[in-house]
A.B. asks: 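Structure in structure tokens, see below.
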Amino acid sequence: MDDLGVRLVRDHTILSVVVGSRAYGLAVDGSDVDRRGVFVAPTPLFWRFEKPPTHVDGPLPEQFSWEVERFCGLALDANPTVLECLWSPLVERITPVGEELLALRAAFLSLRAHRTFLRYAESQFRKLEGDLRNRGEPQWKHVMHMLRLMISGRHLVRHGEPLVDVGDHRELLLAVRRGEVPWDDITVRRAELTADMDKALATSPLPAEPDRARVEEFLISVRRRGLE
């Protein structure tokens, strides 16, 4: 990672949260601390031919950060990884601008999440099927996270916000991770969760589209303040 990326994360982070197993309520001995963050590149950096990075990997192990514009774009598209950052119960660092971002989080939500969460889960499922064919068994940790993603997505479509802490499902999900749940049961649960999400569409509190104008207003305000 170059020095600019280090400086941006160090000096311009507005929000840093813990995600992964510790936020999901699924931590076990030896679980990593996965950090995700949002930084705001100073506005004059965009006047150059070489733009500031849209994301930075590090500098801490298992740390990844997005520049605020990239983060907002992904959130508007209902990217599950990005949305969970806005609802993580484990906030390590937040600035006043970060508080504005969290206050805005409902504006990112829409029924797009139904399609996006299911598409991510489908992609994971196809990879797991490939592992099953090629290795004789899937990567059970990835199976666990596929189901966790679908549980979170079901809650989002039903109730209007994602479910990050899935501790109520801990026993089942950790049994899946240990390989104690037969693959046939996994396919049944996946089908049930898909059907639940489809059924929830009819009564979902989510709007058809996110409030892009409100998010853009926030972004313009941030860029103006980046001139100071």
Side-chain angles (χ1 to χ4, degrees), residues 15-28 31-38 62 64 66 71-91 101-102 104-128 138-177 181 185-210:
L15 177 67
S16 179
V17 301
V18 174
V19 294
S21 294
R22 295 184 183 277
Y24 304 150
L26 299 174
V28 296
S31 290
D32 293 331
V33 179
D34 298 303
R35 292 180 170 89
R36 299 293 178 268
V38 184
E62 309 302 329
F64 188 92
W66 295 271
F71 182 88
C72 288
L74 292 171
L76 286 168
D77 287 336
N79 179 289
T81 302
V82 168
L83 288 182
E84 73 181 24
C85 296
L86 294 171
W87 271 267
S88 172
L90 304 178
V91 177
L101 178 62
L102 287 189
L104 189 67
R105 63 187 185 178
F108 295 104
L109 298 179
S110 72
L111 288 175
R112 294 181 185 182
H114 171 267
R115 179 182 66 252
T116 304
F117 275 69
L118 285 181
R119 188 174 68 234
Y120 273 67
E122 175 71 13
S123 176
Q124 291 180 1
F125 183 72
R126 296 307 170 200
K127 291 177 182 177
L128 292 165
Q139 297 186 51
W140 290 107
K141 181 178 179 180
H142 294 173
V143 177
M144 177 189 74
H145 283 300
M146 177 193 70
L147 293 179
R148 177 202 59 79
L149 177 70
M150 297 187 76
I151 290 169
S152 178
R154 178 180 64 182
H155 190 275
L156 173 54
V157 178
R158 280 180 174 174
H159 302 290
E161 65 178 38
L163 181 67
V164 176
D165 186 342
V166 292
D168 288 346
H169 305 273
R170 177 182 171 88
E171 184 176 345
L172 167 65
L173 291 172
L174 291 184
V176 170
R177 178 174 176 163
V181 180
D185 289 0
I186 299 297
T187 61
V188 169
R189 289 185 180 277
R190 171 179 170 268
E192 290 174 346
L193 286 164
T194 300
D196 286 348
M197 289 180 69
D198 290 343
K199 183 178 179 181
L201 274 176
T203 57
S204 177
L206 292 172
E209 296 294 333

A.B. asks: Evaluate the side-chain proximity of Val82 to Phe108: yes if any heavy-atom separation is below 4.5 Å, no if none is.
C.D. replies: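 Heavy-atom side-chain distance check fails, nothing below 4.5 Å.
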A.B. asks: Please determine whether side-chain contact (heavy atoms from CB on, under 4.5 Å) holds for the pair Leu15 and Val91, giving the CA-CA distance in whole Å, both sets of side-chain angles, and the decisive distance to 0.1 Å.
C.D. replies: CA-CA 8 Å; Leu15 177 67; Val91 177; 4.1 Å; yes
A.B. asks: Can Gln124 and His142 be said to form a side-chain contact (heavy atoms from CB on, under 4.5 Å), step by step?
C.D. replies: CA-CA 8 Å; Gln124 291 180 1; His142 294 173; over 6 Å; no
A.B. asks: Strictly distance-based, threshold 3.5 Å: is any side-chain N or O of Arg170 a donor or acceptor partner for the main-chain N or O of Ala27?
C.D. replies: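 Present.
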A.B. asks: Start with the C-alpha gap between Phe125 and Thr187, add the side-chain angles, then the distance that decides, and say whether side-chain contact (heavy atoms from CB on, under 4.5 Å) holds.
C.D. replies: CA-CA 9 Å; Phe125 183 72; Thr187 61; 4.0 Å; yes
A.B. asks: Within the distance-only criterion (no hydrogens, no angle test), does the side chain of Ser88 pair as donor or acceptor with the backbone N or O of Cys85 below 3.5 angstrom?
C.D. replies: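 Side chain of Ser88 to backbone of Cys85: no pair is present.
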A.B. asks: If you look at every heavy atom in Leu83 and Ala78, which pair is closest and at what distance?
C.D. replies: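 Heavy-atom minimum between the residues: CD1-CA, 3.8 Å.
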A.B. asks: Just by distance, do the side chain of Ser21 and the backbone of Asp32 share a donor-acceptor pair under 3.5 Å?
C.D. replies: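 Here the side-chain-to-backbone pair does not exist.
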A.B. asks: Check for a donor-acceptor pair, side chain of Ser152 on one end and backbone N or O of Val164 on the other, with a separation under 3.5 Å.
C.D. replies: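 The answer is no, because no donor-acceptor pair under 3.5 Å joins these two groups.
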A.B. asks: Hey, does Asp34 have a side-chain heavy atom less than 4.5 Å from the side chain of Val18?
C.D. replies: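 No, too far: nothing below the 4.5 Å cut-off.
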A.B. asks: For the backbone of Thr81 and the side chain of Asn79, can you confirm whether one donor and one acceptor N or O come within less than 3.5 Å of each other?
C.D. replies: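 Judged by distance alone, yes, a pair lies under 3.5 Å.
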A.B. asks: Quick one: which of Arg189, Arg154, Arg190 gives a salt bridge (charged side-chain N to carboxylate O under 4.0 Å, His left out) with Asp196?
C.D. replies: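 Of all the options given, the one that passes is Arg154.
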A.B. asks: Drop me the distance from Glu122's CD to Met146's CE, to the nearest 0.5 angstrom.
C.D. replies: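 Going from CD on Glu122 over to CE on Met146, the span is 9.5 Å.
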A.B. asks: Any salt bridge between Glu84 and Arg148, counting N to O under 4.0 Å?
C.D. replies: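 So Glu84 pairs with Arg148 through a salt bridge.
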A.B. asks: Can you confirm whether Arg22 is buried at CZ, in the sense that more than 12 heavy atoms of other residues, nucleotides or ligands lie under 6.0 Å from that atom?
C.D. replies: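 Atom CZ in Arg22 is crowded, with more than 12 foreign heavy atoms closer than 6.0 Å.
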A.B. asks: For the side chain to side chain contact (heavy atoms under 4.5 Å, CB included) test, which of Leu163, Ile151, Leu111, Leu109 pairs with Leu156?
C.D. replies: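 When Leu163, Ile151, Leu111, Leu109 are each tested with Leu156, the side chain to side chain contact (heavy atoms under 4.5 Å, CB included) holds only for Leu109.
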A.B. asks: Quick one: pull up CZ in Arg119 and NE2 in His114 and give me the separation to the nearest 0.5 Å.
C.D. replies: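 Arg119 atom CZ to His114 atom NE2 measures 12.0 Å (nearest 0.5 Å).
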A.B. asks: To the nearest 0.5 Å, tell me how far Leu149 CG sits from Thr116 OG1.
C.D. replies: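 Here the interatomic distance stands at 10.0 Å.
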A.B. asks: After noting the C-alpha distance and the side-chain angles of Leu193 and Phe117, does the key distance pass the side-chain contact (heavy atoms from CB on, under 4.5 Å) rule?
C.D. replies: CA-CA 11 Å; Leu193 286 164; Phe117 275 69; over 6 Å; no
A.B. asks: So Ser110 and Leu206, do their side chains get closer than 4.5 Å, heavy atoms only?
C.D. replies: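 Not touching, per the 4.5 Å side-chain cut-off.
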A.B. asks: Kindly indicate whether the side chain of Leu118, heavy atoms from C-beta on, has any atom under 4.5 Å from the side chain of Met150.
C.D. replies: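 Heavy-atom side-chain distance check passes, below 4.5 Å.
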A.B. asks: Main chain of Gly37, side chain of Ser16: is a donor-acceptor contact present, judged purely on distance under 3.5 Å?
C.D. replies: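 No, because the side chain of Ser16 does not come within donor-acceptor range (under 3.5 Å) of the backbone of Gly37.
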A.B. asks: Mind checking the CZ-CG spacing from Arg177 to Leu26? Nearest 0.5 Å is all I need.
C.D. replies: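 Separation between the atoms: 8.5 Å.
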A.B. asks: Check the side chains of His155 and Arg158 for a donor-acceptor pair under 3.5 angstrom, ignoring hydrogens and angles.
C.D. replies: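 Side chains of Arg158 and His155: no pair found under 3.5 Å.
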A.B. asks: Which atom names give the shortest non-hydrogen contact between Val19 and Arg36, and what distance separates them?
C.D. replies: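 The answer is CG2-CG, 3.5 Å.
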A.B. asks: Give me the atom names and distance for the closest heavy-atom approach of Gly25 to Asp165.
C.D. replies: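 Nearest heavy atoms, Gly25 then Asp165: CA-OD1, 3.8 Å.
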A.B. asks: Ion pair present between Glu62 and Arg35, side-chain N to carboxylate O less than 4.0 angstrom?
C.D. replies: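 A salt bridge is absent here (no side-chain N lies under 4.0 Å from a carboxylate O).
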A.B. asks: Considering only heavy atoms from C-beta outward, does the side chain of Tyr24 approach that of His145 to under 4.5 Å?
C.D. replies: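 Counting from C-beta outward, Tyr24 and His145 do come under 4.5 Å.
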